[in-house]
Amino acid sequence: MTTEATATDLQAFTENWLDWYRAQEVRLADPHGFLAITGLHWLDDRPQRFPDAPGAWHTGRDGVVVDLDDGEELVVEGTPIRGEHRFGVLPERSSVHAVWGDAVIEVAKRGGNDIVRPRHPDAPLRTAFTGTPAYAPDPRWAVTGRYIPFDAPRPTTVGAAVEGLEHVYDAPGRIEFELDGRQLSLIAFPGHGAGALTVLFTDTTSGVTTYAANRSLAVEPPAADGTVTVDFNRAANLPCAYTDLATCPLPPAENRLPVAIEAGLKIPRERGGF
């Protein structure tokens, strides 16, 4: 390959990475994204009121209920609601977004617990956001691996950014790859879209230049022979890297890599990164 061709390939690689990086930042800074969250409220059978959401909220065997005062209104799936509204029993990791003025009230289930998580566009964390530091993209961190499916998905329990909370995922398999002459592997969870995978991991940069608790990597569906590309340049921060109001999962113990992955997103400035 000529020097000119190599330079052209590198430019295309960098531009593709920049497209990915910008999309990450736009999604994060959305008016109702994770930076807009103003509270993480845990529901029980006692009606509770919160300063950043309308109504009194509780949950029980029949799911989440809100009781709105006179003059209060939420819009759920395009329909204005007043008085009492029953959201019903929510599936794990699902969310319903109810509109309240320019805010969105997220009603969700995480780790078996029902929560209310308001999102306000004028939240200080969002309005002060200036972007996430990142390593410069480098093709050496895009490695070819092999996906090895398990005979059956393995229920895998992991911790969470919130102490005492647990998440359970059905891990469909693992990814084996070589990096700098070392044989490594990562347990994979289902990703977004048919056949796609998600990997949660830490490495020896975690807590030094990258966020201590976790990073996430999306992996395209494996080829017929199991070949996958593991591009650590696209190692992303989960919401808990920016805010304590997130319930993000932690990596399984097998995904603590004993190498320095100097690629992808770094510690956010909101957590002291630079």
Fit a plane to each ring of W100 and H120, take the angle between them on a 0 to 90° scale, and name the class: parallel (under 30°), tilted (30 to 60°) or perpendicular (over 60°).
perpendicular
Enter the distance from T209:OG1 to I267:CD1 here, rounded to the nearest 0.5 Å.
6.5 Å
Taking the six-membered ring of F129 as reference, does the cationic atom of R269 (NZ for Lys, CZ for Arg) lie under 6.0 Å from its centre and within 45° of its axis?
no
K109 bridged to E92 by N-O distance under 4.0 Å:
no
Taking only residues at least two apart or on different chains, which pairs with a member in residues 228-263 satisfy ring-ring contact (aromatic ring centres under 6.0 Å, His included)?
F177-F232, F201-F232
For residues 55-72, which residue pairs qualify under salt bridge (charged side-chain N to carboxylate O under 4.0 Å, His left out), counting only residues two or more places apart or in two chains?
R49-D69
Sequence neighbours excluded - salt bridge (charged side-chain N to carboxylate O under 4.0 Å, His left out) pairs with any residue from residues 198-207:
D203-R215
Separation between CH2 of W57 and CG of L43, rounded to the nearest 0.5 Å:
7.5 Å
State, to 0.1 Å, how close P137 and T14 come at their nearest heavy-atom pair, and which atoms those are.
CG-CG2, 4.0 Å
If I take atom CD from residue Q183 and atom CD from residue E176, how far apart are they, to the nearest 0.5 angstrom?
7.5 Å
Report the C-alpha distance between T243 and R271 in whole Å, list the side-chain angles of each, state the deciding distance to 0.1 Å, and finish with yes or no for side-chain hydrogen bond (donor to acceptor under 3.5 Å, both in side chains).
CA-CA 9 Å; T243 174; R271 299 290 196 184; 5.7 Å; no
V162: hydrophobic cluster co-members (side-chain, 4.5 Å):
F34, I37, L40, W42, I115, L165, L245
Please confirm whether the backbone N or O of D102 pairs with a side-chain atom of H32, one donor and one acceptor, at under 3.5 Å?
yes
Does any pair with a residue in residues 253-264 pass side chain to side chain donor-acceptor pair (under 3.5 Å), and if so which ones, sequence neighbours excluded?
none
Quick one: does T156's side chain get under 4.5 Å of D170's, heavy atoms only?
no
Output the distance between atom OG1 (T205) and atom CD1 (I261), rounded to the nearest 0.5 Å.
7.5 Å
Between the OG1 atom in T38 and the CZ atom in R126, the distance rounded to the nearest 0.5 Å is 13.0 Å
Decide side chain to side chain contact (heavy atoms under 4.5 Å, CB included) for E73 and V75; before the verdict, give the C-alpha distance in whole Å, the side-chain angles of both, and the deciding distance to 0.1 Å.
CA-CA 7 Å; E73 177 182 281; V75 178; 4.2 Å; yes
For the residue pair R110 / S95, report whether a side-chain donor-acceptor contact shorter than 3.5 Å exists.
yes
Assert yes or no for the condition that the ring centre distance of Y135 to W17 is strictly below 6.0 Å.
no
Taking atom CG of N233 and atom CG of N16, what is their separation to the nearest 0.5 Å?
11.0 Å
Carboxylate-amine/guanidinium contact E25 R27, below 4.0 Å
no
Scan residues 139-164 for pairs that pass salt bridge (charged side-chain N to carboxylate O under 4.0 Å, His left out), counting only residues two or more places apart or in two chains.
R140-D180
